There are 2 protein chains.
Amino acid sequence: MSQTPLPYRAHNHRACVDQALADAHRICNDAHARLTPTRERVLELIWQSHKPLGAYDLLGALAQEGQNAAPPTVYRALDFLQQHGLVHRIASLNAFVGCAHAGHRHTGFFLICRACRNVLELSAPQVAAAVDKAAQEEGFAAEDTTLEIAGLCPACQRESDHD
Amino acid sequence: MSQTPLPYRAHNHRACVDQALADAHRICNDAHARLTPTRERVLELIWQSHKPLGAYDLLGALAQEGQNAAPPTVYRALDFLQQHGLVHRIASLNAFVGCAHAGHRHTGFFLICRACRNVLELSAPQVAAAVDKAAQEEGFAAEDTTLEIAGLCPACQRESDHD
DNA sequence: GAATGCGATGTTATAATATTGCGTTCATTG
DNA sequence: CAATGAACGCAATATTATAACATCGCATTC
Ligand SMILES: [Zn+2]
Ligand SMILES: [Zn+2]
Ligand SMILES: [Zn+2]
Ligand SMILES: [Zn+2]
């Protein structure tokens, strides 16, 4: 059933990027929001890989391309992208990653490999349900869930077995 | 069964503090670790309330008490306290809170009220199990879970109903 | 076409959080 | 008491994020 998670295997990553950009154009269009060149470029940079990028990584990349970029440039683009559900912030890393389920309601849930740093975003309803239930039992009205799991991805587990 | 969560109701908070300090002494003693005056004072400051404190809040408090405190002073104490399971870092707030289950194996899980900022730490096995299961299904070896839920606590929900 | 409104951007400065490096002090122990 | 290693003091610096204010470009309206 469940597809082998992409970030940890060879895959045609160009397809990931193209999909993400196409989704972004559609979503922004539907929301009458402007996916300006800077915003699109930041999104594309984030999707260079499945590894989260820090704001200053993005800033450096923009600067190299000759853009007049200061921190607010990047943070504003990131705010926009987050608001439209196109990227997620990984609180435990202070870094940003493209959303793998843009356009779908979901409670993101991240598996972060401490070795290769790839991040897999899951949308596990049974986890979200368990969380909601536990919160409700305490009378707590949950609004926003941060769920980040650090560990070793399948590929890096095999690597460390070689020792 | 489940006790009404403490932070959101009036409670004898002195008992929370005393318990936390007693636990800390016992745990450090058992581990042959030194709960030095600075470390103990930082722990006590963190337990002043159930609201997370930032490192620089702690730093300010120490400075007011006449301690020669620089950032490393606080961060070192916090590292020590985290390593011995006496405090948790709340990644989504860059702040620290006392551990409510010191000495017991647990995967902390935090309900953070965005209004009063109190934090309740739960240890919900069914949530931890759901998380582990989801990770295992992806072949991921989970090591460390960050689970932080922002929302409104029972008391602050009643407050906002008054409108 | 000028005036206006408004979202997006540019620019500078600063705030807030966290770490590195190095020398000194102090507790423990043999 | 000397040796050891953990803990601490101190200065500098790194990293992440925001505040404040000026400007630009474009659409609407007069
Ligand atoms: Zn990909
Ligand atoms: Zn990996
Ligand atoms: Zn209490
Ligand atoms: Zn509250």
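Throughout, a chain's letter reflects where its sequence line sits, starting with A, and its residues are numbered from 1. Here the structure is a predicted model, which is why all the values come from computation and not from measurement.
- When distances run from any side-chain atom of B:Pro72 to the nucleotides C:dT20, C:dT9, C:dA18, the shortest one goes to C:dT20.
- Aromatic ring centroids of A:Phe110 and A:His88 lie under 6.0 Å apart.
- With rounding to whole Å, B:Arg34 atom CZ is found 18 Å from D:dT4 atom P.
- Checking C:dT17, C:dT12, C:dG10 against every side-chain atom of B:Tyr56, the shortest atom distance belongs to C:dT17.
- Each of A:Leu93, A:Leu111, A:Ile90 was evaluated against A:Glu148; a single residue qualifies, A:Ile90, per the side-chain contact (heavy atoms from CB on, under 4.5 Å) test.
- In this structure, CD in A:Gln64 is found 11.0 Å from CG in A:Leu59, a value given to the nearest 0.5 Å.
- Note: B:His11 and B:His13 meet the aromatic proximity criterion, with ring centroids under 6.0 Å apart.
- The distance between atom CG of B:Leu59 and atom P of C:dA15, rounded to the nearest whole Å, is 16 Å.
- Look at CD on B:Gln67: it is 7 Å from P on D:dG9, rounded to the nearest Å.
- Where A:Phe96 and B:Ala33 each meet DNA chain D at their nearest nucleotide, the meeting point lying more 5' is that of B:Ala33.
- Atoms CG (B:Leu78) and P (C:dT19) sit 10 Å apart, rounded to a whole Å.
- Listed candidates were C:dG10, C:dA18, C:dT12. Nearest to the side chain of A:Arg76 is C:dG10.
- Rounded to a whole Å, the CG atom of B:Leu53 is 15 Å from the P atom of C:dA16.
- Counting to the nearest Å, the C1' atom of C:dG10 and the CG atom of A:Leu62 are 14 Å from each other.
- Nearest to the side chain of B:Asn94, among C:dT11, C:dT17, C:dA8, sits C:dT17.
- For the pair A:Arg39 CZ and C:dA8 C1', the computed distance is 6 Å after rounding to whole Å.
- Salt bridge status for A:Asp79 with A:Arg76: absent, with no side-chain N to carboxylate O gap under 4.0 Å.
- When each of A:Ala70 and A:Pro37 is assigned the nucleotide of DNA chain C bearing its nearest heavy atom, the one mapping closer to the 5' terminus is A:Pro37.
- Between the OH atom of A:Tyr75 and the P atom of D:dA19 there is a distance of 12 Å, rounded to whole Å.
- At the phosphate of D:dA7, neither OP1 nor OP2 sits under 4.0 Å from any side-chain N or O atom of B:Thr38.
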